[in-house]
Amino acid sequence: LTAVFAQDYKNRINENESKVPQFTLPDVLTCNNGKKVKTIKDWETIRRLELLEIFSSLEYGRTPTEKIKVSYDLLSEDPNALNGKATRKQVLFTFTNGRKKIEAILLLYLPNKVNGKAPVFIGYNFLGNQSTTTEKPIFASPSMHLSEDPSSEVWIRASQKRRWPFEMIIDRGYAVATMFYGDIYPDLNGLRDYSVISLFSDYDKRSKNHDEWNAIGAWAWGSSRIADYIIDNESRIDGNRIALLGHSRQGKAALWAGAQDTRFKVVISNCSGCGGAALSKRVFGENVARITTTFPHWFCPAFNQYAGNEASMPFDQHELLALIAPRHLYVASAEEDMWADQKGEYLGAYYTKDVYKLYGMHGLDSPIPPAIEQPIHNDVGYHIRRGIHDVTNFDWTQYLNYCDKYMK
Ligand code: GTR
């Protein structure tokens, strides 16, 4: 039956621009009561809070404010990593509520040549810290055994090294920190009990509350915990210059984290697609029906009501991206990544412009996306590069250039 449903939704996937429905986007600066935001104060004290409430109650679920106890243990430190260019640290995070604990490991590279505090990129990896580098020893990430197929060769050392050009990042004077996202919420339906969500005092595994937070909410929460650690404990990193980067599903989580936590000064969405930077109302590529069926554990239950009914959504993703203003936002797409709806990703970023304008900042100028590999580095950044759904050196080069412009 599941296969039949999946096929049904697959049949309804549209990747033809001429079949994109007519739609009207909600105006990001119009409050729920119909009044228009005219000042930064109105935006920050009224509309911004309304939008956070919309995304908490209708898409990602509510992030609790309760604090979970966490301890940090330095597992290893090597001042001569990456041919002496970096100091590599591995830090064990133990989250606990007294009855139960969940462990995660942060892999951190600090640039040795930087005197004083370096800016940092934070980002999750898909396949464990050991997948990001050939360096040794790298500890296996604690929750890898909970993944779909732990014996698969994708988990081997350095399998995703190309997505993590540590040396290039270090050479540019940035620190970089990564963690396996499955350590925060193992990415399979039915594994909530193994996620950080299960540590909260009101956790009820049977809860079907419409605004119940889920995997994307948990990953976003976890990014903020990495920021806590860095700000409180890493004297070689500048806590005021944190860039958060996420690819694909982690791009969705990075945007949600950046919307909520103003300590992220640059938020980078790499091919985040549906539920990320892409406008839902275009119903192009992956759509709400498909994503909530394939990944029922990502969003809050309320989001399911828009399956096959994007037209009825009282919000869209440009309003999520606008919550990052006046901090910096970068959205990137890939030419062959129709599934993520490249044009929808561009428009999601473009339609933040009125909020950036309120702050006297420069968003994207044209509703028409730029040509392939012609990056725009206004206060809001965007590029579309050749190739498939991935993170490449081209992407990293743009992120480094953009951060040099706004974080150095
Ligand atoms: C796909 C999913 C996308 C995107 C992608 C990824 O299967 O449909 O929404 O998140 O995975 O994370 O690589």
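If you're wondering where the values come from, they're calculated on a predicted model, not measured in any experiment. Note that ligands are numbered from 1 as they come in the structure, with each ligand's atoms numbered from 1 the same way. Atom set for the values below is all heavy atoms of this structure, side chains included, hydrogens, waters and symmetry mates excluded. Along the sequence shown, the residues carry numbers beginning at 1.
- No more than 12 heavy atoms of other residues, nucleotides or ligands sit less than 6.0 Å from atom NZ of Lys205.
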Ligand 1 polar-atom proximity to protein (N/O, under 3.5 Å):
unit_1: ligand 1; atom_1: 8 (O); unit_2: Glu286; atom_2: OE1; d: 3.1
unit_1: ligand 1; atom_1: 8 (O); unit_2: Glu286; atom_2: OE2; d: 2.5
unit_1: ligand 1; atom_1: 8 (O); unit_2: Trp339; atom_2: NE1; d: 2.9
unit_1: ligand 1; atom_1: 9 (O); unit_2: Lys252; atom_2: NZ; d: 2.9
unit_1: ligand 1; atom_1: 9 (O); unit_2: Glu286; atom_2: OE1; d: 2.5
unit_1: ligand 1; atom_1: 9 (O); unit_2: Glu286; atom_2: OE2; d: 3.4
unit_1: ligand 1; atom_1: 10 (O); unit_2: Ser248; atom_2: OG; d: 3.1
unit_1: ligand 1; atom_1: 10 (O); unit_2: Arg249; atom_2: N; d: 3.2
unit_1: ligand 1; atom_1: 11 (O); unit_2: Arg249; atom_2: NH2; d: 2.8
unit_1: ligand 1; atom_1: 12 (O); unit_2: Ser248; atom_2: OG; d: 2.7
unit_1: ligand 1; atom_1: 12 (O); unit_2: Arg249; atom_2: N; d: 3.1
unit_1: ligand 1; atom_1: 12 (O); unit_2: Arg249; atom_2: NE; d: 2.5
unit_1: ligand 1; atom_1: 12 (O); unit_2: Arg249; atom_2: NH2; d: 3.3
unit_1: ligand 1; atom_1: 13 (O); unit_2: Ser248; atom_2: OG; d: 2.7
unit_1: ligand 1; atom_1: 13 (O); unit_2: His389; atom_2: NE2; d: 3.1

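- With Tyr60 as the partner, the ring-ring contact (aromatic ring centres under 6.0 Å, His included) test is satisfied by one option alone out of Trp298, Trp256, Phe303: Trp256.
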Side chains of residues 140-147: which donor-acceptor pairs under 3.5 Å do they make with residues two or more places apart or in other chains?
unit_1: Ser141; atom_1: OG; unit_2: Asn129; atom_2: N; d: 3.1
unit_1: His145; atom_1: ND1; unit_2: Pro142; atom_2: O; d: 3.1
unit_1: Ser147; atom_1: OG; unit_2: Met144; atom_2: O; d: 2.7

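- In summary, the aromatic rings of Phe95 and Trp221 are positioned with their centroids under 6.0 Å apart.
- Residues Trp339 and Phe284 keep their aromatic ring centres 6.0 Å or farther apart.
- Looking at Tyr399, its side chain never comes within 3.5 Å of a backbone N or O of Tyr330 through a donor-acceptor pair.
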